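Since the structure comes first, as structure tokens, the remarks are kept for the end.
This structure is a prediction, so every number in the text was calculated from the model and none was measured. All chains are named by letter (A, B, ...) in the order of the sequence lines, taking the proteins before the strands, and each is independently numbered beginning at 1.
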2 protein chains.
Amino acid sequence: MDEHHDMEDEERGGAHPGGAGRPTLKTIAFMTGLGVTTVSRALKDAPEIGEETRRRVQLVARQVGYRPNRAGVRLRTGKTNVISLVLNTEEQIGGFVSDMIYGISEQLAQTPYHLIVTPYSRNNDPLEPVRYVVETGSADGVIISRTEPDDKRVRYLLEHGFPFVTHGRTEIGVEHAFHDFDNYAFARDAVRKLAELGRKRLALLAPPSSLSYYHHMRNGFLDTMAEIGFAEVPFNTVTVDHSIDQIRARSLQLMQRPNPPDGIVSGAGGATFALVAGIEDAGLKVGRDVDIVSKQSARLLHLFRPEIYVVNENVRLAGRELARSLVALIGGAPAASRQSLAQPGPVLALGE
Amino acid sequence: MDEHHDMEDEERGGAHPGGAGRPTLKTIAFMTGLGVTTVSRALKDAPEIGEETRRRVQLVARQVGYRPNRAGVRLRTGKTNVISLVLNTEEQIGGFVSDMIYGISEQLAQTPYHLIVTPYSRNNDPLEPVRYVVETGSADGVIISRTEPDDKRVRYLLEHGFPFVTHGRTEIGVEHAFHDFDNYAFARDAVRKLAELGRKRLALLAPPSSLSYYHHMRNGFLDTMAEIGFAEVPFNTVTVDHSIDQIRARSLQLMQRPNPPDGIVSGAGGATFALVAGIEDAGLKVGRDVDIVSKQSARLLHLFRPEIYVVNENVRLAGRELARSLVALIGGAPAASRQSLAQPGPVLALGE
DNA sequence: TGACCAATCTGTAACGTTTCAGATTGAAAT
DNA sequence: ATTTCAATCTGAAACGTTACAGATTGGTCA
């Protein structure tokens, strides 16, 4: 005689389909007097179901609040109705991740898709979470960010024919879906604005050089500088991904050099806080000794120092776009049709 | 003759268990010459399996990289191995949501649990997503934040015996798991610091009055004020959840009143940006005309205005704690054992 | 009349897992 | 020699869904 009798789900799915538990196809089949197959097909508007039957089934289904069992569908079809957002969980200054998640959620709200967050930290291989999702089939598609020109994850996903969208572009020959902010245009506009303001010695606080958008931003910066005939003040000891303290210290160093910049383009709002702190550590003042054009996703820079010029990046929108694309992709849309580049808005001064 | 033959998964789970697809219990059963039941039990260290068999099965399982199919488990047992974070997706100034998610992810990384984000917006009933999760059984437990003293969601979850943790406490008689920041202590320490600085006319920029932690913060503020013998300068036209523009405008109004405060306690870092902007709009200066003690989760306030005193709230830690508790709860731990209150650190001036 | 057909419906099997209720051992107890 | 028992193992059934391969109509056509 066992001492352990598991009787927990005694009352879940009753023996009779009229039981107390959540309604299933069987419940509706019982109520309508039809077979489960018919009910299943009627609910998805299959062609070989009579008009009246279809309506009857759908009515009953609505009445009893039928919701397909995800595990059942998933087991049978392999479709998970899940989208995975692969995230680097390192601390980031004023990270934009929440907005991204909000945007994705928003877009997914009216679909059967759930959003699941698949994290990785610096220790792990960035490929690891992606491989996990593909190998275990735990999602129908993934969203990845922080793309590199020759991104291992993108190669892997392409090889395995797994649906994905990248936040950021790659230099891989094969076309894939992406959404990106036009950082080339941002840097170009930023340089022009600084030139307009009479600034001549410009520096760039760029993203890490491994990432794709580093190159875009840097090219936009350099091309425009060359066009105007300016020479760059190098500032490559630090990136927007470094810590506040590091950026601040390097920024101080930068401003204490013989010929410090009088204009700086900053690739991220969070980093700009630290950048300005360093500038002020050097006894200089933004708007007087140096002008700054910074990208931002939160809208805090103008409160911080009203003299900063800003370009807003709408990350929530990016999230929406990425989710929209991924869902389309899973539905069979060609990757080439799901590529978009968000244009930066104007360079804004305080109050604009 | 049908024109449509579905032959897509012809090569997935082969007829032979030795096929190409992902290994299942059947694969291992075939390889070891055992029954699937035995394999299933051997893998979970059931008592009625011989020592050698167990080792053999586990070895093979490891070799072929066996990973239980989540849909199979879920369908059979009802266990989803999913935790749902229920989120309000409204814009928040400098929201702490990313840190929360990082913390939860971090904690969940070494468990079989996945994190899924279940959003709701202002239009929807906050109860809606919770009801969805419970009704569809789409997770084993939920994490909710922005709790109210008499929280409908908490009542609902208690009634349905569904595992949950709240970020924030309630006044509901029944015990439930929570993690909270001690906002009473924060407000108390803040008031004391301002008193120490010689400030006498104090105001509080509080959370929305519907939320639990409004009361904690407010009580901490008022109790300590009474203790010292101060009277409050009312500032209840706005909360930390309002927009930058609204807070800024009301802050300006506040400072233009006949007897403006000379000390302000602010419940959120994001709001403090707007608060200070309003103060400066009035021609006043933080540290001279008024001192501020503000809670923050990002570490930006000292860069913003070095004169602000800050108390740091570690939201990532809160995420970890919430996830840890929820997993314990699902594992059968009593709710009363999963209640924790994070004590605020010291009130910090610049450089401390 | 009988054959054929389209329209509609249905049962069975399978996805991968766990649980139930045995089956098969070999050894110990009678 | 038979019974008993513990130790191991096993097949069948079920979770809810969909795909496949029919079944059952009633009508049309030769």
CD1 of A:Ile144 to CG of A:Leu87, rounded to nearest 0.5 Å, is 11.5 Å
Please report how far the helix from C:dT1-D:dA30 to C:dT30-D:dA1 bends, comparing the axis fitted to its first five pairs with the axis fitted to its last five, to the nearest 10 degrees.
70°
Flag the pair A:Asp150 and A:Arg155 as a salt bridge only when some basic side-chain nitrogen lies within less than 4.0 angstrom of an acidic carboxylate oxygen.
yes
For A:Lys79 and C:dC15, give me the distance from atom NZ to atom C1', rounded to whole Å.
17 Å
Measure the distance from CZ on A:Arg70 to C1' on C:dT17 and round it to the nearest whole Å.
19 Å
With respect to the phosphate group of D:dG16, does any side-chain polar atom (N or O) of A:Lys26 fall under 4.0 Å of OP1 or OP2?
no
Can a side chain N or O of A:Ser40 be found less than 4.0 Å away from OP1 or OP2 on D:dT17?
no
Report the distance from atom OG1 of B:Thr118 to atom CD of B:Glu128, rounding to the nearest 0.5 Å.
10.0 Å
Output all residues satisfying side chain to side chain contact (heavy atoms under 4.5 Å, CB included) with B:Glu48, sequence neighbours left out; order by chain, then residue number.
B:Arg41, B:Ala46
Of the listed nucleotides C:dC9, C:dT18, D:dG16, the one nearest the side chain of A:Thr53
C:dC9
Gap between atoms CG and P, on B:Leu25 and C:dA14 respectively (whole Å):
17 Å
Does the side chain of B:Thr80 pick up a donor-acceptor pair with the side chain of B:Asp140 at under 3.5 Å?
yes
Find the distance A:Asn81:CG to D:dT17:P and express it as a whole number of Å.
13 Å
Distance (rounded to the nearest 0.5 Å) between B:Asn69 CG and B:Arg22 CZ
5.5 Å
What N/O pairs connect the protein and nucleotides 10-13 of chain C at under 3.5 Å? Give each pair on its own line.
| from | atom 1 | to | atom 2 | distance (Å) |
| --- | --- | --- | --- | --- |
| C:dT10 | OP2 | A:Gly35 | N | 2.8 |
| C:dT10 | OP2 | A:Thr38 | OG1 | 2.6 |
| C:dG11 | N7 | A:Thr37 | OG1 | 3.2 |
| C:dG11 | O6 | A:Thr37 | OG1 | 2.7 |

From OG (A:Ser340) to CZ (A:Arg324), nearest 0.5 Å
8.5 Å
Got a sec: does the CD of A:Glu51 have more than 12 other heavy atoms crowding it under 6.0 Å?
yes
Can you identify which nucleotide, out of C:dG16, D:dC9, D:dT17, has its nearest atom closest to the B:Glu48 side chain?
D:dC9
When the distance from CZ of A:Phe30 to P of D:dG16 is rounded to whole Å, what number comes out?
15 Å
If I take atom CG in residue A:Asn69 and atom P in nucleotide C:dC15, what distance separates them, rounded to the nearest angstrom?
18 Å
Would you please indicate yes or no on a ring centroid separation below 6.0 angstrom for B:His176 and B:Phe164?
yes
Can you check the A:Arg74 CZ to C:dG16 P distance for me, whole Å?
13 Å
